[in-house]
Amino acid sequence: MNYNELAELLFPNVTLTPEDLEERYPPRNLPEGAKVVRFAPSPTGYVHFGGIYQAVVDYMLASQSGGVFSLRIEDTDSQREVDGAVEALVRTLAQYGIEYDEGVILNEDGSIGERGAYGPYKQSQRTELYAVYAKKLVSEGKAYPGFATEEELEAIQETDKKAEIKNTDWSVAAEQKRAAMLAGREFTMDEVKAHLAAGNPFVIRILADGDQEKKIKFTDMVKGVLELPENDEDFVLLKSDGVPTYHFAHAVDDHLMRTTHVIRGEDWLPSLPKHIQLFRYLGFRMPKYLHTAQILKIDENGNKKKISKRDRGAKMDDYAEMGYCTDVVWEYLLTLLNSNYEEWRMANPDVHYRNYPFSIKNMSVSGCLFDFDKLNDVSRNVISRMTADQVYTQVLDWAKIYDPEFAVLLAEKPDYAKEILAIGRGGKKPRKDITVWSGVKEYMSFFYDNLFERGDYPEGFPSEDIKRALAEFAAVYNPDDDNTTWFARLKAIAGDIGYAPEMKLWKQSPESYRGNVGDISMFVRVAITGRQNSPDLHDVMRILGEKRVRERLASAIAAL
RNA sequence: GGCCCGUUGGUCAAGAGGUUAAGACACCGCCCUUUCACGGCGGUAACAGGAGUUCGAUUCUCCUACGGGUCACCA
């Protein structure tokens, strides 16, 4: 077989050579140690947590090494492509401040554009590049055309289909597959000509020379030394529409873009042998690889599963909706990504997380469970460090989109809202009441008459006690009291009705009292705020104002 | 089923031959206290199992078990 003739037959219009492309995309002129990375998602829908997880690694490695970070869109599967996915992706990246140097961007008018000298950055626009290398491989006898249709292949491998995977007899399927592959390798030039003359579509397959039984040692920067079987599968390089498969595009693009480090999920590990073979066939130097651990969840059977679409926390939009600020997500991501991040954070409470010295060796090897408790803890801490103004602004931004009525309420009296949000804020031990923006309404609802609801008093106290305490308090309440004076009144009331006015007394002999001053303040709290948990009561009353305090006391007494 | 990866408390994890096996979250208790919180102190709780190497294995090797991933003209 004359492979050059075959290559010309298959790719008559390809005139560029690999050498031309080497010139078009020259090696990057970067300082020693600079990492060239790329985030390469496929635009198949929502932006997910795992994607951002990887993008953060890309960002940290590139920015901290003085390297280059590009955004490449892997849109080689038109079937699965979703409208607007690229835009959503770019927006989400921007929202999180994950800046990249090159790649697909959004123009001012909202259309999709790009920047950088190594483009195009959408794979669908790079087909002429892939053809150059496909032609080269064919001309070297390392790849060949396959004219079998999908239906024919499916018929041969009758059971090897994802939907039926559970019922598949794997040993049979593997044999059928192997046979089909070998059969596909046998063809004559005349057959090819006949197919082409008939206009039959074809794919380009690699001619695998590996042996499944032989192992290759490969070092992954996260996983360490791996032992993989050689590739013996004639996988598809170019689909019948001329669009490359992931494998081929990966090799060609990452070579031409001069990628030094490939960061991707560990679900790619099984196809690594394919990539090793491709890079060797193509004569490309392999980049370093970081196969990151997966984020898992517990499914309904109690097993760990890859986190996916339906799961809370999978879509990045979920975080926005629940009201987690982007800094919180970043910090949580960093705690998952690098085992010593929290330690660093405690030692450097005021340093921006972008300055955290990210290290590959601290990346986790095994998958981890998504943990909302932890996320919430990070969130409470981050928010507790904010000023009331910052909180107000962010809550308002959130509410405008997700709770317009609440946004109106907040915007009506900004100073009032800020005053509320300022309670217990600042100082060394700020309160940590707020976890997510979506919880703020509930947190401050009792400050708004139309949202105020009366809840239960603590159990175990006769309502006469409560009623009497409230009545006495209503009688002596003076809005001009300072904190100490105000509380002294509560102590006096406690004494009047047989409750310990001092905690110490209560501790000494709880049996001598009906309760303590803390209980009295709780009665007042419930009367005024409607709940048992609220920020500092004196501050609350000050902000509510005399009129409303009196109203609420009166209605509370009446309700008892 | 083949292949690959993984397995330290409920969760995230440090430790890389000799440690009382860190820390964080969650949970519990105590303290502080103007409630609830915050904070402080403390507690419960772990090296999947079995062989081997070794004076000594959580740490090295092998096997088993379990979990995960993957086996497309999807990425």
Side-chain angles (χ1 to χ4, degrees), chain A residues 40-44 74-77 79-80 146 148-150 153-154 157 160-162 165 168-174 177 201-205 212 220 223-224 226-229 233 235-241 243-247 249-250 264-273 291 293-294 296 298 303-306 335-336 339-343 345-346 362 364-378 380 384 424 427-433 458 483-484 486-487 490-491 503 516-526 529 531-538:
Chain A
S42 59
T44 52
E74 310 233 322
D75 56 348
T76 54
D77 184 4
Q79 299 270 314
R80 292 205 312 158
T149 64
E150 279 184 80
L153 288 177
E154 263 176 46
Q157 312 160 37
D160 190 12
K161 264 283 151 195
K162 187 135 197 163
I165 226 151
T168 297
D169 182 331
W170 287 98
S171 60
V172 172
K177 198 167 173 180
F202 62 91
V203 300
I204 298 296
R205 285 178 185 276
Q212 179 86 241
D220 178 89
K223 298 273 181 184
L226 265 24
E227 204 163 272
L228 305 162
E233 195 188 326
F235 61 94
V236 171
L237 264 23
L238 286 185
K239 300 183 243 181
S240 53
D241 56 2
V243 174
T245 56
Y246 170 85
H247 312 296
H250 158 50
R264 58 166 35 162
E266 68 177 340
D267 45 342
W268 284 109
L269 234 30
S271 32
L272 194 49
H291 285 95
Q294 307 274 278
L296 310 168
I298 297 283
N303 294 320
K304 289 182 183 179
K305 280 279 178 298
K306 208 165 129 178
T335 66
L336 286 184
S339 50
N340 57 348
Y341 178 75
E342 284 185 90
E343 206 176 297
R345 171 47 79 214
M346 277 188 264
N362 283 321
S364 178
V365 181
S366 50
C368 59
L369 239 34
F370 189 94
D371 186 1
F372 266 102
D373 278 333
K374 189 73 188 185
L375 207 217
N376 288 340
D377 180 63
V378 171
R380 276 189 292 268
S384 75
K428 276 202 172 137
K429 299 175 190 171
R431 292 182 66 92
K432 297 182 177 178
D433 295 305
N483 205 322
T484 314
W486 164 71
F487 200 70
L490 290 193
K491 287 181 177 177
M503 278 302 192
N516 62 60
V517 66
D519 299 319
I520 302 295
S521 77
M522 182 58 90
F523 302 156
V524 177
R525 175 187 311 279
V526 174
T529 69
R531 63 235 255 161
Q532 296 183 32
N533 183 347
S534 83
D536 185 86
L537 239 193
H538 185 259

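Remember, it's a predicted structure, so these values are computed and weren't measured experimentally. Each chain gets a letter, A, B and so on, in the order the sequences are listed, and its residues count up from 1.
- Contacts of A:Thr76 with the nucleic acid, taken as non-hydrogen atoms under 4.0 Å apart, involve only primed sugar atoms and P, OP1 or OP2.
- Relative to the side chain of A:Pro270, the nucleotides B:G69, B:C36, B:C5 differ in distance, and B:G69 lies closest.
- Closest contact between the side chain of A:Ser366 and the listed nucleotides B:C36, B:C5, B:G6 involves B:G6.
- Within the structure, a side-chain polar atom (N or O) of A:Lys432 is placed less than 4.0 Å from OP1 or OP2 of B:G39.
- Across all strands, A:Pro201 comes closer than 4.0 Å to no nucleic acid atom at all (heavy-atom distances).
- Using a 4.0 Å heavy-atom cutoff across all strands shown, A:Glu227 reaches sugar-phosphate atoms only and no base atom.
- B:C3 sits 11 Å from B:U64 when the P atoms are compared, rounded to a whole Å.
- Below the 3.5 angstrom threshold, one finds a donor paired with an acceptor across the side chain of A:Arg431 and the base of B:C36.
- Position along RNA chain B of the nearest nucleotide to A:Leu269 versus A:Leu369 favours A:Leu269 as the more 5'-ward residue.
- Distances from the side chain of A:Ser364 to the nucleotides B:C12, B:A37, B:A13 place B:A13 closest.
- Between A:Asn376 atom CG and B:U11 atom P there is a gap of 18 Å when expressed in whole angstrom units.
- When the nucleotides B:G6, B:C36, B:C12 are ranked by their closest atom to the side chain of A:Cys368, B:C12 comes out on top.
- On the C1' atoms, B:C60 is 16 Å away from B:G15, given to the nearest whole Å.
- Listed candidates were B:A75, B:C5, B:A72. Nearest to the side chain of A:Tyr246 is B:A75.
- Taking atom P in both B:U20 and B:C32, the straight-line distance is 35 Å, to the nearest Å.
- The separation between A:Lys223 atom NZ and B:G69 atom C1' is 9 Å, rounded to whole Å.
- Taking atom P in both B:G6 and B:A48, the straight-line distance is 14 Å, to the nearest Å.
- Atom CD1 of A:Ile520 is separated from atom P of B:U33 by 19 Å (rounded to the nearest Å).
- Going from the C1' atom of B:C28 to that of B:C66 covers 31 Å, rounded to whole Å.
- Between B:A37, B:C4, B:C74, one nucleotide has an atom nearer to the side chain of A:Lys239 than all others, and that is B:C74.
- Using a 4.0 Å heavy-atom cutoff across all strands shown, A:Arg531 reaches no nucleic acid atom at all.
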**Q.** Protein-to-nucleotide contact annotation, 5' to 3' order, nucleotides 19-32 of chain B [B base; S sugar-phosphate only; - none; under 4.0 Å, heavy atom]
**A.** -----BSS-----S
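- One can place CG of A:Asp519 at 16 Å from P of B:U33, the figure rounded to the nearest angstrom.
- A:Glu266 has its CD atom 16 Å from the C1' atom of B:A75, to the nearest Å.
- Residue A:Asp267 has its side chain nearest to B:U70 when only B:U70, B:U11, B:A72 are considered.
- Only the P atoms considered, B:U8 is 26 Å distant from B:C71, to the nearest whole Å.
- Rounded to the nearest Å, the gap between the C1' atom of B:C4 and that of B:G9 is 29 Å.
- The nucleotide whose nearest atom lies closest to any side-chain atom of A:Val203 is, among B:C73, B:C74, B:G68, B:C73.
- Within the 4.0 angstrom heavy-atom criterion, base atoms lie near A:Asp536.
- Rounded to whole Å, the distance from CZ on A:Phe235 to P on B:C74 is 13 Å.
- Both key distances under 3.5 Å define a Watson-Crick or G-U pair, and stretches of 3 or more such consecutive pairs in RNA chain B run B:1-7 with B:65-71, B:10-12 with B:23-25, B:27-31 with B:39-43, B:48-52 with B:60-64.
- Between the side chain of A:Ser240 and the base of B:C73 there is at least one donor-acceptor pair of N/O atoms closer than 3.5 Å.
- Among the heavy atoms of the strands lying under 4.0 Å from A:Ser42 are primed sugar atoms or P, OP1, OP2 only; no base atom is included.
- Spacing of C1' atoms, B:A21 relative to B:A13, comes out at 12 Å, to the nearest Å.
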